[in-house]
Amino acid sequence: VAKGGGIILPAGSTEQHGPMGLIGTDALCATAIAEAAAVRCGALVAPTLALTPAPFNTAFPGTLSISEPLFRALAAEVLAGLAAQGFGCIYVLNGHGANLSPLRAAIAGLDAPVPLQLKSWWDFEPVNALRRQWYGDWEGMHATPSEIAITMATHRRVAPPEAALT
């Protein structure tokens, strides 16, 4: 912080992602991508905002949802706190579509003396080119093959094939 470094704030959700997806996939993806990016650019990673709006999925067990106004207020408090800590820049890496409106509102209302950027991990054309190449029409906006692939690569522990023989 003393050198004016940046911090990445991952934002996801704690919601279901179908029979193959982990609860919290959006938060897990945003965190994994933020951690990999931080290594490349020398930034720090803040604790993930994982309690976010997901009212459309509350019928599914494991989904936790907070209201948009509460999430906007929480995000604004966290961003103000990070700005007050002296980071040279703050980068919010989003992994849940329903976060965008309250995050934009939180950022717009923030009087921070620090550059602040908001992007979703899927906003980048090289990412989308890979998504189209690997998953084609199967790729969507929720419980997507790319989200499942990220969590399988970073959070699933699969027993070696020989373990099935015992």
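A salt bridge links Arg132 with Glu125; the closest basic N to acidic carboxylate O contact falls under 4.0 Å.
Residues Leu44 and Phe87 have side chains in contact (heavy-atom distance under 4.5 Å, counting atoms from C-beta outward). Under the 4.5 Å side-chain criterion, counting only non-hydrogen atoms from C-beta, Asn94 is not in contact with Lys119. For the pair Val45 and Pro10, the minimum side-chain heavy-atom distance is below 4.5 Å. Counting heavy atoms from C-beta outward, Leu79 and Val92 have side chains that approach closer than 4.5 Å.
Rounded to the nearest 0.5 angstrom, Leu103 CG and Leu118 CG are separated by 5.5 Å. The structure places CG of Leu51 at 9.5 Å from OG of Ser13, a figure rounded to the nearest 0.5 Å. From Ile90, atom CD1 reaches atom CG of Leu82 across 5.0 Å, with rounding to the nearest 0.5 Å. Of the inter-residue distances, the one linking Thr63 atom OG1 with Phe56 atom CZ reads 9.0 Å to the nearest 0.5 angstrom.
Qualifying side chain to side chain contact (heavy atoms under 4.5 Å, CB included) partners for Ala108, counting only residues two or more places apart in sequence or in other chains: none. For Ile33, the side chain to side chain contact (heavy atoms under 4.5 Å, CB included) criterion is met by Leu93, Trp121, Ile150, not counting sequence neighbours. Listed by chain and residue number, Ala106 satisfy the side chain to side chain contact (heavy atoms under 4.5 Å, CB included) test with Ala76 (two or more places apart in sequence, or in another chain). Partners of Ser67 under the side chain to side chain contact (heavy atoms under 4.5 Å, CB included) rule, at least two apart in sequence or in another chain, are Pro69, Leu70.
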Problem - Leu116 vs Cys89, side chain to side chain contact (heavy atoms under 4.5 Å, CB included): CA-CA, chis, key distance, verdict - result: CA-CA 6 Å; Leu116 206 146; Cys89 59; over 6 Å; no
Practice task
Let me see the working for Leu22 and His17 under side chain to side chain contact (heavy atoms under 4.5 Å, CB included), right down to the final yes or no.
Solution key: CA-CA 6 Å; Leu22 300 174; His17 273 75; over 6 Å; no
Handout entry: Leu28 vs Thr154, side chain to side chain contact (heavy atoms under 4.5 Å, CB included): CA-CA, chis, key distance, verdict
Key = CA-CA 9 Å; Leu28 296 171; Thr154 60; 5.6 Å; no
Handout entry: CA sep, side-chain torsions, deciding dist, call: Gln16, Ile23, side chain to side chain contact (heavy atoms under 4.5 Å, CB included)
Key = CA-CA 5 Å; Gln16 64 79 31; Ile23 297 292; 4.2 Å; yes
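The backbone N or O of Ala50 lies less than 3.5 Å from a partner atom in the side chain of Thr14, making a donor-acceptor pair. Although no hydrogens or angles enter the test, the distance criterion places no donor-acceptor pair under 3.5 Å between the side chain of Asn128 and the main chain of Asp123. In terms of modelled atom types and a separation under 3.5 Å, the side chain of Asn99 and the main chain of Gly12 share a donor-acceptor contact. Under a 3.5 Å cut-off, the side chain of Ser65 and the backbone N or O of Ala54 do form a donor-acceptor pair.
Across Ala105 and Arg72, no two heavy atoms sit closer than the pair CB-CD, 3.2 Å. Residues Trp122 and Gly97 come closest through the heavy atom pair CH2-N, 3.9 Å. The two residues Pro53 and Glu68 make their nearest non-hydrogen contact at CG-CG, 3.7 Å. Minimum interatomic distance between Thr151 and Ile148 (heavy atoms only, all atoms of both residues): OG1-O, 3.0 Å. Residue Asp26 comes nearest to His96 through the heavy atom pair OD2-ND1, 2.8 Å, listed as atom of the first residue, atom of the second, then distance. The shortest non-hydrogen separation linking Leu9 to Ala46 is CD1-CB, 3.8 Å.
Within a 6.0 Å radius of CD in Glu77, no more than 12 heavy atoms belonging to other residues, nucleotides or ligands are found.
Every pair tested for ring-ring contact (aromatic ring centres under 6.0 Å, His included) that includes a residue from residues 59-78 fails, sequence neighbours excluded, so the list is empty. Pairs passing the side-chain hydrogen bond (donor to acceptor under 3.5 Å, both in side chains) check and including a residue from residues 28-45, sequence neighbours excluded, read Thr31-Thr48.
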